[in-house]
Amino acid sequence: MQSTDKCPVATTLNLIGGKYKGLILWHLSESKLRFSQLQKLVESATPKMLTQQLRELETHKLIHREIFPVVPPKVEYSLTALGRSLIPLLCAMRDWGADYLRSMDMESTCIMMKTV
């Protein structure tokens, strides 16, 4: 076992690190979303990458994937209670990032600037 295996910071980064996981969690903080809706919101993610990130979040029990028995198949993603517990952390990251951008004389244009 590596020394970082039980490190709280490393654990958190392992769970939510990744190019799109934070954005996925943020968007799901407002409502349940279908894959196509997430694709539009995280437009720079390829379908393969988005699928991979969603599967990892589901494996770690941060999101729930619900499959409806209809044709065509309908799948909705939502935050679990554990996933919802990350929202204050994401808000703190948003605020820190906004402060950093301001300190660099840059303005945020991110959708995350609206409050949850």
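- The neighbour count for Glu66 CD, taken as heavy atoms of other residues, nucleotides or ligands under 6.0 Å away, is above 12.
- The two residues Leu15 and Leu62 make their nearest non-hydrogen contact at O-CD1, 4.0 Å.
- Under the 4.5 Å side-chain heavy-atom criterion for ILVMFWY residues, no single connected hydrophobic cluster contains both Phe35 and Val70.
- Met93 and Leu101 fall into different hydrophobic clusters, defined by Ile, Leu, Val, Met, Phe, Trp and Tyr side-chain heavy atoms under 4.5 Å apart, directly or through other members.
- Listed by first then second residue, pairs satisfying ring pair (Phe, Tyr, Trp, His ring centres under 6.0 Å) with a partner in residues 70-97 read Trp96-Tyr100, not counting sequence neighbours.
- Linking Ile, Leu, Val, Met, Phe, Trp and Tyr whenever their side-chain heavy atoms come within less than 4.5 Å leaves Leu86 and Leu13 in two separate clusters.
- Taking the side chain as every heavy atom from C-beta outward, Gln39 and Pro47 approach each other to under 4.5 Å.
- In this structure, Lys74 places its NZ atom where more than 12 heavy-atom neighbours from other residues, nucleotides or ligands lie under 6.0 Å away.
- Minimum interatomic distance between Gln53 and Ile24 (heavy atoms only, all atoms of both residues): CB-CD1, 3.7 Å.
- A donor-acceptor contact closer than 3.5 angstrom links the side chains of Glu56 and Gln52.
- Hydrophobic cluster membership differs between Phe68 and Leu38, with clusters built from Ile, Leu, Val, Met, Phe, Trp and Tyr side chains linked at under 4.5 angstrom.
- What you find for Leu33 and Leu41 is that their closest heavy atoms are CD1-CD1, 3.7 Å.
- Rounded to the nearest 0.5 angstrom, Glu107 CD and Arg102 CZ are separated by 9.5 Å.
- Across all their heavy atoms, Ile63 and Glu58 have their closest contact at CG1-N, 3.5 Å.
- Of the possible donor and acceptor atoms, one in the side chain of Tyr20 sits under 3.5 Å from a partner among the backbone N and O of Ser44.
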Evaluation steps, side-chain contact (heavy atoms from CB on, under 4.5 Å), between Arg65 and Leu54: CA-CA 9 Å; Arg65 180 176 181 251; Leu54 287 165; over 6 Å; no
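- In this structure, Leu79 and His64 have side chains that are not in contact, with every pair of non-hydrogen atoms separated by 4.5 Å or more.
- Between Gly22 and Leu90, the shortest heavy-atom contact is O-CD1, 4.1 Å.
- Between Asp99 atom CG and Met104 atom CE the span is 11.5 Å, to the nearest 0.5 Å.
- At least one side-chain heavy atom of Leu89 sits under 4.5 Å from a side-chain heavy atom of Ile16.
- Without hydrogens or angle criteria, Arg34 side chain to Glu76 main chain gives no donor-acceptor distance under 3.5 Å.
- Under the 3.5 Å distance criterion, the side-chain polar atoms of Thr80 are matched with a main-chain donor or acceptor of Lys61.
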